[in-house]
Amino acid sequence: MDFSLSTEHEVLRDSVRNFAEKEIKPVAQELDKKEEFSYETMQKMAELGLFGVFVSEKYGGQEMDYLSYIIATEEIARVDGSHAATVAAENSLGIGPIYYFGNEEQKQKYLPKLCSGDSLWGFGLTEPNAGSDAVNARTNAVLDGNEWVINGSKIFITNAATEITAGVTVLCRTGQRDDGKSELSCILVESGTPGFTAREMHDKMMWRASNTSELYFEDCRVPRDNLLGPRGQGFYQMMQTLDGGRLSIAAMGLGGAQGCYELALKYSKEREQFGRPIVRFQVNSFKLADMALEIEAARLLLYKACWLRDSDMPFSKEAAMAKLYCSEVMYRCANHAVQLHGGYGLMKEYDVERFYRDQKLLEIGEGTSEIQRIVIARHIGAL
Ligand code: COS
C-alpha cells in the first residue's frame, strides 16, 4: 500500500496553493462583504486550468484524474469557500453531465468554452418543493413537434445567473413510466432562450461571493435535440453526477478544515493570556490535536473514494461517507477555530468568521448529512 501522491499531484497542489494565497486570499473578505462574484479571479482560475480538470484535451480540458480536481478544489477551499464553490460547481455539476452524458455535437459545442472559462454552466436539479426528495421534481417538459416546451422552476442553482453563463442542464418530468413513477430527463437550456429567466439570489449567510440563482421556465421552447442522453435517464444522470459532486463538497470540507486549523494554530501560538501563548494550555492544544487528527482521517477517506473513482470501481457509498465526514470535520474545525480566536473570531476581519459561516452549506448542499446517512445505510443493508 502506497499513500504517497505522485509528483504531478504535488506540483498541482503547490501551484494551486500559491495561486490561492496570492490571488484569492487578499480579496476574499471584501468580496464576501460586498456579496460580489469576481469575474477577475474566475478568469485567473480558468487560466490556471481549474475548469475542465478531468476533461479530455480534445474538448479543451486538462485530462487529469479526479484526484487532481479534488486536490485543486481542496486548495482553493483552504483559502475561500466561495471561489471553491465556483470551481466545484463548474467542474462536477456544469461540465460533468455534458462531458459524461452528452453526444459528440453537444460536447463540441459547449465544452471548449466551459473549459477555457469563457462561459459557465448550471445544474438544475433542486426545486422549491423537491430538495432532498429530488425524484419529486415537477418541472415539466412536453414535446411539441421538434421542440421541448418547459414549464417550472429551480432554486439554489450555482453559476447559473452570471454574465457569462451559457446555459443550464435541467431535470424535467417528460412523462410517466410504466411502473407509475415519473419519467425524468435532462434537457440543455441555453441562456437567452425566450421563456427562461435566471434570477440571482441575495442575502446568503455563506458562499456570498459565489453566484446562486432561481430559474424560471415559462413555455420555454428548446430543440428536441437538446435532450441529454436517452429520454428517461435524467435522474440516474443527476445521481451519478452527485456522486462525483459529493467528492467536491468533501474536498471543500477538507480544504476548509485545513484552513481553519492553520489559522487557529498560528493564532494560538501568537496570542498570549495569563503570561503564555494560549497554545500552551492543554485545553487548547487538545483542540488542535483533534483538528489535526480529523483532517488526516478525512483526507484518507476522501482520497480513497477518489482512487476508487479513478480506478472505475463503485464509489457511491464512499462518496457519501467522504462528503458526510469531511463536512462534519469542517464544522468542528471551524467551531474550534472561532473558539480559539475568542472575541476576535467573531469579527469579519478574521477569516475564521467567514469559514464558520461558509461551512454550514457543506452539511446541506449536494445532499444533506441526513441524505448521506440514508445512502450509506442503504449500501450496508441497514435501510
Ligand atoms: N446512481 C444512479 N442511479 C441512482 C443512484 C446513483 N447513485 N441512486 C439512486 N439511483 C436510481 C435508483 O436506482 C432508482 O431507479 P429506479 O427508479 O429506476 O428504480 C432512482 O434513482 C430513484 O432512486 P431511489 O428509489 O433510491 O429514490 P429515493 O427517492 O428513495 O431516494 C435519494 C433517492 C434520497 C438518495 C436521492 O433523492 C437523493 O440523493 N436526494 C438528495 C438530492 C440532492 O443531493 N440534492 C442536492 C442538489 S444540490 S446540486
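Every number for a ligand or one of its atoms is a count from 1 in the order of the listing. Please read all numbers here as calculations on a predicted model, not as lab measurements.
In terms of N/O distances under 3.5 Å, ligand 1 is approached by Lys181. Note: an N/O pair closer than 3.5 Å links Arg378 and ligand 1 by distance alone.
Tyr267 OH: more than 12 foreign heavy atoms inside a 6.0 Å radius.
Each of the following atoms of ligand 1 lies closer than 4.0 Å to a heavy atom of Gly367: 43 (C), 44 (O), 45 (N), 46 (C). Residue Gln240 approaches ligand 1 through these ligand atoms, each under 4.0 Å from one of its heavy atoms: 1 (N), 2 (C).
Distances from ligand 1 to the non-hydrogen atoms of Asp243 include at least one value under 4.0 Å.
Using a 4.0 Å cut-off between a side-chain N of Lys or Arg and a carboxylate O of Asp or Glu, Glu40 and Lys44 qualify as a salt bridge. Under the 4.0 Å criterion applied to side-chain N and carboxylate O atoms, Arg332 and Glu294 are assigned as salt-bridge partners.
Protein heavy atom nearest atom 39 (O) of ligand 1, with residue, atom name and distance: Arg246 NH2, 3.1 Å. The protein heavy atom nearest to atom 18 (O) of ligand 1 is Tyr236 OH, 2.4 Å.
Checked by atom type, the side-chain pair Arg138/Asn136 shows a donor-acceptor distance below 3.5 Å. There is no side-chain donor-acceptor pair under 3.5 Å between Gln372 and Tyr325.
Protein non-hydrogen atoms do reach within 4.0 Å of atom 47 (C) of ligand 1.
Remark: side-chain polar atoms of Arg231 are paired, donor with acceptor, to backbone N or O of Thr174 under 3.5 angstrom.
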